[in-house]
K.L.:
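Attaching a single structure in structure tokens format; questions to follow.
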Amino acid sequence: MIRAIRSRLGGKLLLSHLIIVVVGVTVLAATAEIHAPAALSHHLERMQSLLGPDPSLAADLRQSFMAAVNEILAVAALAALLTAAVVSGFVTRRIVSPIRRMMHASQRIAAGDYHERVEHMGEDELGALAQAFNRMAQTLERTEQRRMELIGDVAHELRTPLSSIRAIMEGLVDGVLPAEPATLLEVQREVSRLQKLVHDLEELSRAEADQIQIHARAAAPADLVEAAVQRLEPQFADRGIELRVELPQGLPAVLADPERVVQVLLNLMGNGLQYTPSGGRVTVTARAAPREVTFTVRDTGQGIPAEHLPHIFERFYRVDRSRSRAGGGSGIGLTIAKHLVEAHGGRIQAESDGPGRGTALSFTLPVAPRLSSY
């Protein structure tokens, strides 16, 4: 019996209500027992003229009065106990039933049903608990969906280079392809793509888990842009794409991790390099505001339709689903860039006037304290 009560919230609530009633009745009875004789004596003195000199009549009245008080207390205690049981049952159902529904819902979520939700339970603490529970379930559902999408995306990204390597190796084994440096170089390129994909996935995993360390210090925007331009300038020259830098004088220093900001610039400039045809142009600019500096990489490439703009920072997202990755990156460079910018306290966005009209990718960084111009 005691174990059953201790293992059920309803039993605990009922027991607590009964204990409160018993304590209340006990205090009331003790108070009546202590105070009733004195109060009765006080009133008997005023009634002495009516009772007469017979002391037995006063004693009999005192005894009858105490018996009536005890009888009243007993009836009141029984009524209180019954009322407490009824009220406790009602309150218990109001409290325990929603909790039981949440318990069942949590069990279904633990079994893999992430669509499970609980109904609205009012505006009290139980209602707030139900809302928090639904938010947790929604987050778990979104996390599971992203996990499944990631598995599918990674499998898709690995399939192409692995199929290419397998085809080349089968050609070499069958003697269809000659064992020449050019053939082996093709295998090396595919292996390099796999290595880059693995590296990007590791970087993305750390970024989404907020595990990327940012060593922020005052840095000159011109130095950051110059470091990125020097690394990509040969590739722009090979593709016949003009790389232009337009930075105003007197830009304030930004509070940033130079290595990470250069990585963001490389990702944005690499995106322009990938989607801008030969003879086009990619321009890197920056402008200052009172509390931030905005960097912009604008290209004259194929542009982005308006319906795709909100999604281009999602991992593995491609505007043209029919395009292969053979000439591009892993598809998560912009996603990593977004996480890096937000880790600095900045914002990143994309703008495009439509297909064939180019794209502008911009991000902001906070101005460093004790502003200094460069």
Side-chain angles (χ1 to χ4, degrees), residues 1-29 73-156 201 204-212 307 310-317 332 335 338-339 342-343 345 347:
M1 179 65 178
I2 297 178
R3 180 177 299 179
I5 293 177
R6 294 177 62 182
S7 63
R8 300 180 65 88
L9 180 59
K12 292 180 179 179
L13 290 174
L14 174 60
L15 182 61
S16 65
H17 293 157
L18 294 179
I19 290 176
I20 292 173
V21 171
V22 170
V23 171
V25 171
T26 302
V27 172
L28 179 61
L73 289 176
V75 173
L78 180 60
L81 289 173
L82 293 176
T83 304
V86 174
V87 174
S88 175
F90 175 76
V91 173
T92 298
R93 284 195 300 272
R94 297 281 295 179
I95 296 177
V96 175
S97 295
I99 296 177
R100 186 176 291 115
R101 289 198 297 271
M102 281 189 283
M103 180 183 67
H104 293 159
S106 65
Q107 291 173 348
R108 288 189 286 270
I109 290 176
D113 183 8
Y114 296 101
H115 302 287
E116 187 69 29
R117 300 291 186 274
V118 295
E119 63 183 13
H120 184 64
M121 299 179 182
E123 304 299 330
D124 56 5
E125 287 81 358
L126 283 175
L129 178 60
Q131 293 178 0
F133 181 91
N134 288 337
R135 286 195 299 269
M136 178 197 69
Q138 183 178 3
T139 301
L140 289 174
E141 181 181 7
R142 187 164 53 246
T143 301
E144 177 65 11
Q145 181 180 0
R146 292 175 63 186
R147 185 183 71 85
M148 297 301 296
E149 290 176 352
L150 178 60
I151 292 175
D153 291 335
V154 171
H156 175 74
L201 286 173
L204 177 62
S205 176
R206 289 193 295 268
E208 291 187 337
D210 295 327
Q211 294 180 353
I212 291 183
E307 64 270 19
H311 305 288
I312 67 168
F313 294 105
E314 298 176 4
R315 57 176 177 235
F316 297 112
Y317 188 84
I332 54 179
T335 309
K338 177 178 182 293
H339 284 285
E342 292 176 348
R347 307 177 308 279

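In this chain, numbering begins with 1 at the start of the sequence shown.
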K.L.:
Would you compute the distance between atom CD of Glu141 and atom NE2 of His115 and round it to the nearest 0.5 angstrom?
P.N.:
5.0 Å

K.L.:
Looking at every heavy atom in both Gln138 and Arg117, which two are closest together, and how far apart are they?
P.N.:
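For Gln138 versus Arg117, the nearest heavy atoms are CA-NH2, 3.3 Å.
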
K.L.:
Tell me the closest heavy-atom pair linking Leu129 and Met102, and the distance in Å.
P.N.:
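Looking at all heavy atoms of both residues, the shortest contact is CD2-CE, 3.3 Å.
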
K.L.:
Work out which heavy atom in Ala105 is nearest to a heavy atom in Glu116; give both atom names and the distance.
P.N.:
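Smallest heavy-atom distance, with atoms named: CB-CG, 3.5 Å.
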
K.L.:
Please report the interatomic distance CD1(Ile109) to CE(Met136), rounded to the nearest 0.5 Å.
P.N.:
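Nearest 0.5 Å value for the CD1-CE distance: 5.0 Å.
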
K.L.:
Rounded to the nearest 0.5 Å, what separation is found between the CG atom of Asp113 and the CD atom of Gln107?
P.N.:
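Going from the CG atom of Asp113 to the CD atom of Gln107 covers 12.5 Å.
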
K.L.:
Counting only heavy atoms not in Arg206, do more than 12 sit closer than 6.0 Å to its CZ atom?
P.N.:
yes

K.L.:
What I want to find out is whether Glu314 reaches Lys338 closely enough, with some N-O distance under 4.0 Å, to be called a salt bridge.
P.N.:
no

K.L.:
Nearest 0.5 angstrom please: Ile312 CD1 to Thr335 OG1, how far?
P.N.:
9.5 Å

